[in-house]
2 protein chains.
Amino acid sequence: MPGTENQGPVKISRKDQIETIATALFKERGFSATSMRDLASEIGIEAASIYAHVRSKEEILQSVCFKMAHEFFKELEQIEKQADTHTEKLRQLIAVHVNIITRNVAASAVFLNEWRHLSEPYASDFLQLREQYEQRLRAIVRQGIATGEFVPSDARFVTRTLLSSLNGITQWYKLDGELLPEAIAQNIGDLFLKGLMSHKDDRPKYH
Amino acid sequence: MPGTENQGPVKISRKDQIETIATALFKERGFSATSMRDLASEIGIEAASIYAHVRSKEEILQSVCFKMAHEFFKELEQIEKQADTHTEKLRQLIAVHVNIITRNVAASAVFLNEWRHLSEPYASDFLQLREQYEQRLRAIVRQGIATGEFVPSDARFVTRTLLSSLNGITQWYKLDGELLPEAIAQNIGDLFLKGLMSHKDDRPKYH
DNA sequence: CCTACCGATCGGTAGG
DNA sequence: CCTACCGATCGGTAGG
């Protein structure tokens with residue numbers, strides 16, 4: 001079985017390794033400032049050898065960006081389906097968003113900051129996905145306002161500010177940090193739900 | 001008076017024009033993905049001509065980054081000086097931060113995202129400034145908590161999340177947008193101060 | 001501010 | 001996965 005016999009107990013293929021290291025470099029230096037030679041030397045092979053596993057530098061970026069987009073959408077759809085309150089939906093969406101980011105800090109940072117180096121039609125496709133995600137998050141906020149669950153507020157502003165807070169995590173989160181992902185989610189959830197809920201019901205309830 | 005006789009009523013010098021256009025390109029495409037030829041063609045001159053006004057591509061980046069850092073610090077020091085409450089200090093700091101960003105969206109985005117392309121010792125100097133700014137903002141939050149003005153909370157987390165919300169404005173603010181800078185500041189101020197203040201005193205007071 | 005140019009480096013290919 | 005290499009483009013300089 002050529003191609004499978006040498007993988008052994010560690011499942012990570014050379015292709016996966018390339019993507020992982022590239023993601024870290026793309027986050028640190030940016031896509032354009034990372035050369036295939038940088039990447040190769042980090043892996044320990046020659047630059048030309050990368051092309052045995054990957055068609056181009058951009059293909060790596062495409063893979064990272066669309067994989068992350070898929071992650072975010074998968075969880076969003078799960079949350080949209082359930083018939084919970086909008087408070088609960090928002091709290092859960094914050095929790096899974098924090099979870100995805102803290103489990104994939106580098107990939108999330110690349111997803112957020114390097115997608116503009118995608119060529120067409122990938123850039124347009126990607127942008128559409130991002131806009132749709134924001135729209136659907138905004139719909140939850142809007143509906144919560146419409147039902148009176150949330151205080152009247154600018155859904156567009158709230159959504160953008162929430163996304164900035166969540167996505168900003170990529171810029172400061174460290175695996176050995178003092179704050180656990182669950183605590184981050186709790187804090188962001190409290191902050192925004194406190195801001196969105198009427199005064200008599202300040203503390204969000206769980207079940 | 002050579003060098004001054006041709007400036008006429010419009011005060012913008014070629015050097016300023018280069019910096020302005022470069023800033024816009026650096027924001028849109030990133031520093032590394034912007035070539036001096038891109039910049040030149042946007043200005044309408046040859047690439048080599050840029051070097052009559054500017055020593056290098058990086059010098060432009062240095063200028064933008066440190067000018068913005070200076071802007072932010074100038075306002076921070078002003079706010080630290082006055083003997084107001086921490087609530088009022090935080091609200092004012094948010095207001096001036098929003099103001100600087102909305103008046104310099106491109107420069108702020110470059111300041112936030114492209115500084116890592118600075119070479120040494122500029123990168124280290126810059127990073128030190130950013131960390132000091134965050135530290136001093138955090139001190140205001142900490143002091144507000146210590147005096148009992150703010151509810152007990154994680155000052156580090158609050159500061160980072162506030163900065164993410166503020167800096168995120170560069171990613172969505174448009175001059176013709178529906179939300180005016182004053183309204184943005186008001187909303188962010190309300191959100192965070194509501195989150196920071198004790199329940200019996202939910203609405204922050206002004207004078 | 002332009003023409004003419006330089007050495008370095010880039011992403012990527014051929015052929016093994 | 002490597003050696004050897006290609007054309008394109010990069011930041012920047014010389015000299016006017």
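In this text, all values refer to a predicted model and were calculated from it rather than measured experimentally. So that the names make sense, note that chain A is the first sequence line, chain B the second, and so on, each numbered from 1.
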Canonical and wobble pairing (Watson-Crick, G-U, under 3.5 Å) of DNA chain D, dot-bracket with |: ||||||||||||||||
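Nucleotide C/dG11 holds its C1' atom 14 Å from the CD atom of A/Glu59, rounded to whole Å. Here the P atom of nucleotide D/dG12 and the CE atom of B/Met36 are 6 Å apart, to the nearest Å. Going from atom NE2 of A/His117 over to atom C1' of C/dC10 covers 15 Å, rounded to whole Å. Distance CD1 (A/Ile60) to P (C/dG11): 10 Å, rounded to an integer number of Å. Atom-to-atom, CG of B/Leu25 to P of D/dC10 comes out at 13 Å; the value is rounded to the nearest Å. The distance from atom CD1 of A/Ile50 to atom P of D/dC1 is 10 Å, rounded to the nearest whole Å. In this structure, B/Glu46 places its CD atom 16 Å from C1' of D/dA14, rounding to the nearest Å. In this structure, CZ of B/Arg37 is placed 13 Å from P of C/dC2, rounded to the nearest angstrom.
Here B/Arg14 reaches the OP1 or OP2 of C/dC1: one of its side-chain N or O atoms lies under 4.0 Å away. Checking the phosphate oxygens (OP1, OP2) of D/dC2, a side-chain nitrogen or oxygen of A/Ser49 falls inside 4.0 Å. OP1 or OP2 of C/dC10 sits under 4.0 Å from a side-chain N or O of A/Ser35.
Ion pairing between a basic and an acidic side chain is recognised when a charged N comes within 4.0 Å of a carboxylate O; A/Arg160 and B/Glu178 show such pairing. Using a 4.0 Å cut-off between a side-chain N of Lys or Arg and a carboxylate O of Asp or Glu, B/Arg91 and B/Asp190 qualify as a salt bridge. In this structure, A/Glu28 does not pair ionically with B/Arg116, as no charged nitrogen and carboxylate oxygen lie closer than 4.0 Å. A salt bridge does not link A/Glu71 to A/Lys67: none of the charged nitrogens lies less than 4.0 Å from a carboxylate oxygen. We find that A/Glu134 and A/Arg138 are joined by a salt bridge, their nearest charged nitrogen and carboxylate oxygen being less than 4.0 Å apart.
With no hydrogens or angles considered, a side-chain donor-acceptor pair links B/Arg14 and B/Gln17 at under 3.5 Å.
In this structure, OG1 on A/Thr34 lies 12.5 Å from CD1 on A/Ile21, to the nearest 0.5 angstrom.
Closest to the A/Ile45 side chain, of the nucleotides C/dG11, D/dG11, D/dC2, is D/dC2. Distance from the side chain of B/Ala48 is smallest for D/dT13 among the nucleotides D/dT13, C/dC1, D/dG12. Checking C/dT13, C/dC1, D/dC1 against every side-chain atom of A/Tyr51, the shortest atom distance belongs to C/dT13.
Within the 4.0 angstrom heavy-atom criterion, only backbone atoms of the sugar-phosphate kind lie near B/Thr34; the bases stay farther away.
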